[in-house]
A.B. asks: 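Please see the structure below; I have some questions.
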Amino acid sequence: MIQKEISKRNLCCCLLSIFMLFTFSVKSQQVRLDNLKEQFAKKNLFRINGGLSANSVFYTGNNTNRQPFMWVLTGNVNINLFNQFNIPFSYNLNNLGSNYTYPTLPNRLSLHPSYKWITTHIGDVSMNFSPYTLNGHQFTGVGVELKPDNFPLKSQFMCGRLLKETEYDVQNGGIVAYRRWGYSGGIRYEKENYQLGTTLFHAHDDEGSLSWKPDSLQMYPQSNLAFSWDVLLRIFQGLTLNAEYGMSMLTRDRRLPSGKRSNSLWFLEKNTSTVSYHALKVGVNFQWKKNTVGLGYERIDPGYQTLGAYYFTNDLENFTFNYSRPFWQDKITLSLNVGIQHDNLDHTKREQTNRWVVAGNLNIVPDKKWNISISYSGFQSYTNIRSQFDYINATHQYENLDTLDFTQLSQNLSTNVNYTLSENDKKNQNINLSFSFQEAADKRGGIIHPGSASQFYNGSVSYALLFIPSSVRFTLSANATYNTTGTGEIITYGPNAGMSSKFFNKKVSFGISSSYNISSVDGNIKGKILNIRNSSTWSFLKKQSVNLALVYQNRSGTSGKSSSDFTTTLNYTYSF
């Protein structure tokens, strides 16, 4: 239970937090400066909203780990000032304990004021310039976006601290970091038939920001200069070409000697630890009549990284192809996607992985009553590993060239058929059939070994009937699954039935459903489960509602013993 009296210390923190939140907007929210008169109008000076909820759960059954009764009270209140500043409060009370929260002093501050086509970002914010330069890295500083409505030139800039200095501390998990500063600018020129863009990013670590140098941890003060250029060309109607090139020059230790600045780029520090990375992405999309064809290529050097992103996927080469077209007076739509990827671009790894991805989708709508969809996806990953011991122990150059060939195979197939029996103002009824298949296997040395392959089948059929004037709906379905692995077979099947309706101008809703499932392993029945569920909701006075849910479950196993559970949940909600 919450104590009746809050300590003076917590009360002071609460009042000080409210004052701070009144002064600063800790929520990342855009503040418009071009309509201040409307924002600070008398109707927007003060607004309060929120809600509360009361829940009680009654349980009877054989599960001794569950309590027979539990109640929970939750609520939230939000105070809005000038339609810009939010001060949230929330509470949670229950018979197991209690918890409450109130505004605390902000440890992160972000403001996003804007005026017409000028938007600024102040405080702890993040911006996206290019996937190869600055991409989503949080910084503490200032950013500006200039995007005039009827002017082709767009630009954005930022400067700030990317990382805060962190001294080495064993109790803190050994985390250590230099203070890192970053600067970036991007310009884009957009016309109807072409777009041109470029991005420049620079970052460096302050080598004097740490009292203890973490050289023994192989952490050194770094600097980075990254560029990117991108272009989009609409060569003629239906043909579009887009390309982006990125380059990153990373100095892993800026303290090393011979750090001469480049003659062309005065802010680039180069020494013996400087490495360069390249990335290229090209795409072509062509539309002819009803055909849509796309080709893509991407190559990222091994080790590619910048100091403007937390993580980079590198050492890969991708080839992609996609095709789509409607047939038969647009009643059939076919789409196909194929992708090939491999790594070890510089041939220095002891292993290489090749991946194939194929996906297709076929949608058939012969008339208003039928809707058929078929989708397939396949994945294959091939890995070849060469061990150093094979080269040491080989008696000639052709012995033990490949020590491990490992292939992962995966494929998925799903089909859905929906048929509308009748559809009018009085009733709707339809039948739905669905089937899905999944397979996964590991192949070593060209052989799928026992126990490494698994298959999963699922099929269902359902019937639905809706009486529109009375809002009464009936459903009946049956479901079956079959799962086989190298160790056994599992089958689960059973029927489902349900009914729902709404009364009193749709203010009261009522629903009941039941399911019965049987599961077997290797032909032996292991369990039977019966579920009966009921849910009733009453909405009144616009913002209040009461819900009653009843759940009964009966389980029986191979021993012949059965157990039953009955759960009642009563819920009341009010919003204001």
Side-chain angles (χ1 to χ4, degrees), residues 25 27-41 43-44 80 82-86 109-160 182-202 225-247 279-289 292-296 298 306 308-309:
S25 174
K27 185 178 180 181
S28 178
Q29 185 171 337
Q30 194 176 73
V31 181
R32 301 292 304 182
L33 301 179
D34 51 349
N35 60 347
L36 293 177
K37 183 177 180 180
E38 179 181 350
Q39 293 182 31
F40 290 93
K43 62 179 181 180
N44 293 328
N80 183 277
F82 309 118
N83 203 28
Q84 296 297 324
F85 305 99
N86 292 289
L109 170 68
S110 61
L111 300 174
H112 304 269
S114 64
Y115 178 75
K116 294 184 178 179
W117 45 267
I118 303 174
T119 302
T120 58
H121 309 281
I122 305 172
D124 299 298
V125 294
S126 63
M127 298 176 65
N128 295 319
F129 284 74
S130 167
Y132 303 127
T133 57
L134 177 63
N135 185 26
H137 197 295
Q138 182 174 286
F139 64 91
T140 302
V142 179
V144 180
E145 295 183 38
L146 307 176
K147 297 181 178 180
D149 296 333
N150 299 317
F151 193 71
L153 191 63
K154 319 290 183 182
S155 60
Q156 56 180 349
F157 308 92
M158 64 75 60
C159 64
Y183 318 89
S184 185
I187 299 177
R188 175 171 296 277
Y189 190 80
E190 299 179 355
K191 297 293 288 187
E192 182 178 358
N193 294 324
Y194 65 92
Q195 296 180 12
L196 301 173
T198 181
T199 298
L200 169 66
F201 170 74
H202 173 70
L225 179 66
F227 300 89
S228 73
W229 296 270
D230 65 275
V231 58
L232 186 146
L233 300 175
R234 296 180 178 89
I235 301 175
F236 54 82
Q237 186 176 4
L239 180 61
T240 304
L241 170 66
N242 60 84
E244 184 171 4
Y245 171 75
M247 180 176 62
L280 176 65
K281 186 176 183 179
V282 181
V284 179
N285 292 281
F286 176 67
Q287 292 182 347
W288 179 68
K289 292 185 177 180
T292 301
V293 181
L295 296 173
E298 183 177 17
T306 74

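The model shown is predicted, which means the values in this text are computed figures rather than measured ones.
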A.B. asks: Find out whether F129 and N135 are in side-chain contact, i.e. whether some heavy atom of one side chain is under 4.5 Å from a heavy atom of the other.
C.D. replies: no
A.B. asks: Looking at N285, V284, L233, which hits side-chain contact (heavy atoms from CB on, under 4.5 Å) with L239?
C.D. replies: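 That would be V284.
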A.B. asks: Which heavy atom of F201 sits nearest a heavy atom of S184, and at what distance?
C.D. replies: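 Minimum heavy-atom contact is CD1-CB, 3.8 Å.
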A.B. asks: Hydrogens and angles aside, do D124 and S110 bring a side-chain donor and acceptor to less than 3.5 Å of each other?
C.D. replies: no
A.B. asks: Just wondering, do S126 and H137 contact through their side chains at under 4.5 Å, heavy atoms?
C.D. replies: no
A.B. asks: Whether the side chain of Q156 engages the backbone of N128 through a donor-acceptor N/O pair (distance < 3.5 Å, no angle test) should be reported.
C.D. replies: yes
A.B. asks: Would you find a donor on one side and an acceptor on the other, under 3.5 Å apart, between the side chain of R234 and the backbone of E192?
C.D. replies: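 Checking the backbone N and O of E192 against the side chain of R234, a donor-acceptor pair under 3.5 Å is found.
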A.B. asks: Do the side chains of L232 and Y194 get nearer than 4.5 Å, heavy atoms only?
C.D. replies: no
A.B. asks: Check whether any side-chain N or O of K154 sits under 3.5 Å from a backbone N or O of Y189 as a donor-acceptor pair, and report yes or no.
C.D. replies: no
A.B. asks: T306 versus L225: any side-chain heavy-atom pair under 4.5 Å?
C.D. replies: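 No, side chains not in contact.
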A.B. asks: Are F286 and W288 close enough that their ring centres sit under 6.0 Å apart?
C.D. replies: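 Ring-ring flag for F286/W288: false, centres at least 6.0 Å apart.
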A.B. asks: Which heavy atom in Y132 sits nearest to a heavy atom in E298, and how many Å separate them?
C.D. replies: OH-OE2, 3.0 Å
A.B. asks: Over 60° means perpendicular and under 30° means parallel, so classify the ring planes of H112 and H121, tilted if in between.
C.D. replies: perpendicular
A.B. asks: At their closest point, which heavy atom of K191 faces which heavy atom of P152, and how far apart are they?
C.D. replies: CD-CB, 3.9 Å
A.B. asks: Which distance, rounded to the nearest 0.5 Å, do you find between the CD1 of I187 and the CG of L153?
C.D. replies: 6.0 Å
A.B. asks: Does this structure show an ion pair linking K281 with D230, if we count only N-O contacts that are shorter than 4.0 Å?
C.D. replies: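 Here K281 does not pair with D230 in a salt bridge, since their nearest N and O are not under 4.0 Å apart.
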A.B. asks: Describe, in one word, how the ring planes of H202 and Y183 are oriented to each other, choosing from parallel (under 30°), tilted (30 to 60°) and perpendicular (over 60°).
C.D. replies: parallel
A.B. asks: Which is it for V282 and L241 under the side-chain contact (heavy atoms from CB on, under 4.5 Å) test, yes or no, and what are the steps along the way?
C.D. replies: CA-CA 8 Å; V282 181; L241 170 66; 4.1 Å; yes
A.B. asks: With side chains defined as the heavy atoms from C-beta onward, is the minimum distance between I122 and P113 less than 4.5 Å?
C.D. replies: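 SC-SC contact between I122 and P113 confirmed.
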